[in-house]
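The next block holds one structure in the form of structure tokens; read it before the comments.
Just the heavy atoms: all of them, side chains too, but no hydrogens, waters or symmetry mates, feed the values below.
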Amino acid sequence: MTTEISAGNRPATTADAARRRTPEERSHAVHSEHVGSLLRPPALLAARRRHDEGRLSAAGLHAAEDRAIADVLDAQRSLGIGVLTDGEFRRSWFGENLFRAVRGLVTRPARSTGRKWVGPGNAVSETAEKVQHTIVREGNGSLTATGRVSASRSVNGHEADFLLAHTDDELFKVTTMAPAAYTESWFVPGAAPEYPRGVDLLSDIAQILRHELTHLADLGVPYLQLDSLSYILRFGDEGETQRFLSILGADREEAITALLAADNSILDAARSHGAITSVHMCRGNSRSAWNAKAGTYEVARRALAELHADRLLLEYDTSRAGGFEPLDEVPKDTVVVLGLVTSKFAELESRDQLLQRIEEAAAHHPIEALALSPQCGFASTSPGNLITIDDEFRKLDLIARVAEEVWGRSDSSEASPN
């Protein structure tokens, strides 16, 4: 359980003064960040293996996580990246926290989705499939909602507690997967009379996340991010779309309306309690592979226009994402974080190419409301993408330097503006 900390008994800091600015004002001051997950250091991976084998206690693993997170916070500070995270170091994959914090689920045989992961070679694709099966589907994806779902504890409070204790006037974020992905995993027709359709389960999961993000914002977490697997991955291929709609029990328009209502209810709650909010629209990320059926942002025009997020983190590292034209739909006061730097491969992007692509995007969205990041996490699952930690930091350093060149220094400090 997370320690309950109220705004009334926290000591005042310079961050408190900064938080009197609106989330929109604070969001517009930040032009570099990353999506959330970072490569786990070898010592942490070794500690997790020992724990899984029964050779290291839960307390021992927690201590190893604490050390690794403290080190990676310092590394991010040294780079000057605009938003800090704990690297998602306490997770085996980025979406697992809610699975561990919800009542109303039972274990059923793992269900195959039939989706394919694609990499630059067969070995990469096969590795991605194996990781997704062993970590995600076997570990969590066999859970099925057989009754009304509800939270048994805070979902991310254990992560927030450490970050609150180890940051002062710095901007950091906590990430969580959006409710639609959990709906896909947990809904089986007829398994729960409370949920005749997937959209009914979606609503209850959104309520859990709405309460969770409100709680985190009240604790003082300054930035909260939803990771969406729906708007791009589920509507970019007709077969995938029909599979998804059959789970939700809705036609396309009703489904998109339900998804937006669920996500916006969470974003609105977090924002009303003072947090910056964002949505990352993922195109698939597992061991340097991607989802074969992800669409371009053309299929997400309605979501781009209607999501109530301060920031939209979009993946534009390859031509598979399409052009910048869909950015015409984004409200002008929403910050679009351009994921122009790939987290999948070691080759470093050129400064000149990044500057050119930022200029191209600025033809469709105000440049003062643009920012720069990798397209996705470096380790959406704990084994991580097929690059080194040195490669990762070179890419983050490039992002910070280019952002400073375009917009001025992007500082993680939340101290009051000049």
Side-chain angles (χ1 to χ4, degrees), residues 30-39 72 75-85 87 117-121 124 128 225 227 232 278 280-291 294 296-297 311-327 335-365 367-380 384-412:
V30 179
H31 295 280
S32 67
E33 65 173 294
H34 61 88
V35 171
S37 65
L38 296 169
L39 293 167
V72 86
Q76 291 169 86
R77 291 180 182 110
S78 70
L79 292 169
I81 204 75
V83 182
L84 307 179
T85 80
W117 288 88
V118 180
V124 172
Q225 175 181 305
D227 285 286
I232 301 300
S278 71
H280 170 232
M281 292 191 189
C282 185
R283 298 175 51 75
N285 187 50
S286 177
R287 294 295 274 166
S288 295
W290 53 90
N291 193 292
T296 71
Y297 287 102
R311 301 168 75 82
L312 294 173
L313 283 72
L314 307 182
E315 302 196 356
Y316 272 108
D317 58 324
T318 76
S319 60
R320 291 189 301 274
F324 293 122
E325 290 79 7
L327 301 187
V335 174
V336 173
V337 185
L338 300 169
L340 300 176
V341 174
T342 186
S343 67
K344 298 183 188 297
F345 308 114
E347 183 180 359
L348 194 65
E349 289 78 1
S350 78
R351 163 195 170 275
D352 290 346
Q353 183 183 30
L354 292 177
L355 292 174
Q356 179 182 342
R357 300 214 62 204
I358 291 169
E359 184 176 354
E360 292 169 359
H364 299 279
H365 197 69
I367 193 164
E368 65 272 14
L370 294 175
L372 183 62
S373 75
Q375 100 292 347
C376 198
F378 289 92
S380 298
N385 285 343
L386 304 178
I387 66 174
T388 68
I389 291 176
D390 284 344
D391 296 330
E392 170 187 79
F393 286 150
R394 277 193 289 270
K395 286 176 176 281
L396 293 176
D397 179 63
L398 175 65
I399 288 166
R401 287 189 288 105
V402 170
E404 182 175 2
E405 183 175 350
V406 176
W407 296 285
R409 181 167 177 78
S410 188
D411 193 334
S412 65

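The salt bridge (Lys or Arg N to Asp or Glu O under 4.0 Å) test applied to Glu368 returns no partner, not counting sequence neighbours. Remark: Glu347 engages no residue in a side chain to side chain contact (heavy atoms under 4.5 Å, CB included) (not counting sequence neighbours). Contacts of Ala362 classified as side chain to side chain contact (heavy atoms under 4.5 Å, CB included), with partners at least two apart in sequence or in another chain: Ile367, Leu370. Taking the ring-ring contact (aromatic ring centres under 6.0 Å, His included) definition, one finds that Phe324 meets it with Tyr316, sequence neighbours left out. The side chain to side chain contact (heavy atoms under 4.5 Å, CB included) test applied to Thr388 returns Asp390, Asp391, not counting sequence neighbours. Under the rule for a side chain to side chain contact (heavy atoms under 4.5 Å, CB included), the partners of Ser350 that lie at least two apart in sequence or sit in another chain are Asp352, Gln353.
Closest of all the heavy-atom pairs between Gly377 and Ser343 is O-OG, 2.9 Å. A pairwise comparison of heavy atoms in Arg320 and Thr296 identifies O-CG2, 3.6 Å as the closest pair. Residues Val30 and Ala371 approach most closely at O-CB, 3.9 Å, considering heavy atoms. Taking all atoms of both residues into account, the shortest heavy-atom contact from Ile387 to Ala346 is CG2-N, 3.4 Å. Heavy-atom minimum distance, Glu33 versus Val337: OE2-CG2, 3.7 Å. Summarising the geometry of Ala403 relative to Leu372, their closest heavy-atom pair is N-CD2, 4.5 Å, with the distance given to 0.1 Å.
Residues Val402 and Ile358 are in side-chain contact: their nearest non-hydrogen atoms beyond the backbone lie under 4.5 Å apart. Between Leu38 and Gln76 the shortest side-chain heavy-atom distance falls below 4.5 Å.
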**Request:** Start with the C-alpha gap between Thr318 and Thr342, add the side-chain angles, then the distance that decides, and say whether side-chain contact (heavy atoms from CB on, under 4.5 Å) holds.
**Result:** CA-CA 8 Å; Thr318 76; Thr342 186; 5.7 Å; no
**Message:** Show, in sequence, the C-alpha distance, side-chain angles and deciding distance for Ile399 and Ser32, and conclude whether the side-chain contact (heavy atoms from CB on, under 4.5 Å) test is met.
**Reply:** CA-CA 6 Å; Ile399 288 166; Ser32 67; 3.9 Å; yes
**Message:** Run His280 and Cys376 through side-chain contact (heavy atoms from CB on, under 4.5 Å) and show every step you take.
**Reply:** CA-CA 8 Å; His280 170 232; Cys376 198; 3.5 Å; yes
**Item:** Full working for side-chain contact (heavy atoms from CB on, under 4.5 Å) between Leu327 and Leu338
**Value:** CA-CA 11 Å; Leu327 301 187; Leu338 300 169; 4.2 Å; yes
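A donor-acceptor pair is defined here as one N or O able to donate and one able to accept, closer than 3.5 Å; no such pair exists between the side chain of Glu315 and the backbone of Ala321. Side-chain atoms of Lys395 never come within 3.5 Å of backbone atoms of Glu349 as a donor-acceptor pair (strictly under, hydrogens ignored). The closest donor-acceptor contact from the side chain of Glu392 to the backbone of Phe378 lies at 3.5 Å or more, if one exists at all. Using a distance-only test at 3.5 Å, with no hydrogens or angles considered, a donor-acceptor pair links the side chain of Gln225 to the main chain of Val35.
Taken to the nearest 0.5 Å, the CZ atom of Arg394 stands 12.0 Å off from the CG atom of Leu79. For the atom pair CG of Leu340 and CG of Leu355, the computed distance is 10.0 Å after rounding to the nearest 0.5 Å. With values rounded to the nearest 0.5 angstrom, Met281 atom CE is found 5.5 Å from Leu312 atom CG.
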